[in-house]
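The figures here come from the full heavy-atom set of this structure, side chains too, leaving out hydrogens, waters and symmetry mates.
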Amino acid sequence: ICFVDADDYIESNFLELFHNEIIKSRPDLIICGVTVISEKKTKRILFYEDDIDVIRQKLLLDEWPHWVCNKCFRRGAFTDFSFIPGKIFEDMYFIGGILNEAKVIKCIKESSYFYNCCNFNSITHNKTANHEYKFIEAKLYIRQTALKNGISDISSLDSAIINLMRNCLLLDLVDGSLDDDKREALKEYLNRQHKFIDGFKDRFWVNRLLRNNDCLCRLYAKYRFRKL
């Protein structure tokens with residue numbers, strides 16, 4: 001099974017590359033490279049690794065993206081899995097769930113999928129604090145999955161989550177889209193993780209965000225997200 005998003009496109013040999021690898025090694029999961037197209041530049045990214053444990057770790061630590069669109073899945077290997085209805089960032093939940101079931105994972109040293117980031121009507125371009133909160137929820141699911149899979153060093157993932165939470169609270173000062181429960185959940189998590197926050201800049205803004213009605217935070221948030 002392969003997926004192609006409606007606003008993306010593929011090379012003419014996209015399916016052929018997967019087919020050749022299927023004939024060769026009968027894998028449960030195949031990963032190919034991606035060309036990311038944005039307003040400012042086009043970037044070709046290759047994902048290649050032979051060791052299945054390293055592949056799992058890179059996906060679980062979010063070092064490799066959880067897109068389903070640059071992957072091919074053997075249907076019989078994942079019969080008990082499906083996308084969660086109503087979830088955005090559903091790729092992250094799906095990939096996180098199937099990794100233990102994939103016994104053979106292969107990578108293709110070619111970029112045959114084009115990921116289009118220029119569609120301004122897409123969900124990922126509708127940036128609100130509430131939207132970012134849902135992304136954080138997906139990241140926390142990946143974090144939990146990584147721990148369940150025995151990955152002890154998740155510091156890079158924790159750092160990314162803390163930065164997302166900080167930015168989400170800043171954005172909420174501008175659009176006010178978070179409800180009180182979500183706002184307090186983020187603050188509570190940041191309080192618990194406070195000793196792991198590195199760097200003066202991060203500590204400075206987190207400290208101020210944990211206060212109520214901080215004027216400097218509001219001014220900074222309005223400046224930072226002025227183009228939204």
Counting only pairs under 3.5 Å, give me each side-chain donor-acceptor contact of residues 90-101, with atom names and distances, residues two or more places apart or in other chains.
from: Asp91; atom 1: OD2; to: Val68; atom 2: N; distance (Å): 3.0
from: Tyr93; atom 1: OH; to: Ala138; atom 2: N; distance (Å): 3.4
from: Asn100; atom 1: ND2; to: Asn149; atom 2: OD1; distance (Å): 3.2

[atom1] of [X] to [atom2] of [Y]: how many Å apart, nearest 0.5 Å?
{"X": "Ile31", "Y": "Tyr113", "atom1": "CD1", "atom2": "OH", "value": "15.0 Å"}
{"X": "Leu29", "Y": "Lys103", "atom1": "CG", "atom2": "NZ", "value": "13.0 Å"}
{"X": "Leu15", "Y": "Asn20", "atom1": "CG", "atom2": "CG", "value": "11.0 Å"}
{"X": "Ile136", "Y": "Leu186", "atom1": "CD1", "atom2": "CG", "value": "5.0 Å"}
{"X": "Phe14", "Y": "Asn70", "atom1": "CZ", "atom2": "CG", "value": "7.5 Å"}
{"X": "Ile108", "Y": "Phe18", "atom1": "CD1", "atom2": "CZ", "value": "5.0 Å"}

In chain order, what residues pass the salt bridge (Lys or Arg N to Asp or Glu O under 4.0 Å) check against [X], with sequence neighbours excluded?
{"X": "Arg183", "answer": "Asp172, Asp180"}
{"X": "Asp53", "answer": "Arg56"}
{"X": "Lys58", "answer": "Glu63"}

Please assess Cys32 against Leu17 for the test side-chain contact (heavy atoms from CB on, under 4.5 Å), listing each intermediate value before the final yes or no.
CA-CA 9 Å; Cys32 76; Leu17 290 170; 5.9 Å; no
Give the minimum heavy-atom separation between [X] and [Y], together with the two atoms involved.
{"X": "Ser38", "Y": "Cys118", "result": "C-SG, 3.5 Å"}
{"X": "Asp175", "Y": "Ala129", "result": "OD2-N, 3.0 Å"}
{"X": "Glu110", "Y": "Leu46", "result": "C-CD2, 3.7 Å"}
{"X": "Tyr133", "Y": "Leu178", "result": "CB-CD2, 3.8 Å"}
{"X": "Lys106", "Y": "Pro27", "result": "CG-CB, 3.9 Å"}
{"X": "Ile142", "Y": "Leu59", "result": "CG2-O, 4.5 Å"}

Mind checking whether [X] and [Y] have side chains closer than 4.5 Å, heavy atoms only?
{"X": "Ile52", "Y": "Val104", "value": "no"}
{"X": "Ile161", "Y": "Met165", "value": "yes"}
{"X": "Ile22", "Y": "Cys72", "value": "yes"}
{"X": "Phe135", "Y": "Cys168", "value": "no"}
{"X": "Ile151", "Y": "Leu157", "value": "no"}

If hydrophobic clusters are built by linking Ile, Leu, Val, Met, Phe, Trp and Tyr wherever their side-chain heavy atoms come under 4.5 Å apart, do [X] and [Y] end up in the same one?
{"X": "Ile45", "Y": "Ile37", "value": "no"}
{"X": "Trp64", "Y": "Trp67", "value": "yes"}
{"X": "Phe114", "Y": "Phe3", "value": "no"}

Salt bridge (charged side-chain N to carboxylate O under 4.0 Å, His left out) partner of Asp158, chosen from Arg143, Lys139, Arg192:
Arg143
Contacts satisfying side chain to side chain donor-acceptor pair (under 3.5 Å) that involve residues 41-52 (not counting sequence neighbours) are Tyr48-Asp50
Expected list for residues 74-89: side-chain donor-acceptor pairs under 3.5 angstrom, two or more places apart:
from: Arg74; atom 1: NE; to: Asp28; atom 2: OD1; distance (Å): 2.9
from: Arg74; atom 1: NH2; to: Asp28; atom 2: OD1; distance (Å): 2.9

Give a yes or no on whether the backbone of Ser155 and the side-chain of Ser159 come within a donor-acceptor separation of less than 3.5 Å.
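A pair under 3.5 Å: no.
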Quick check against the 3.5 Å criterion: does Ser112 have a side-chain atom that pairs as donor or acceptor with the backbone of Asn13?
no
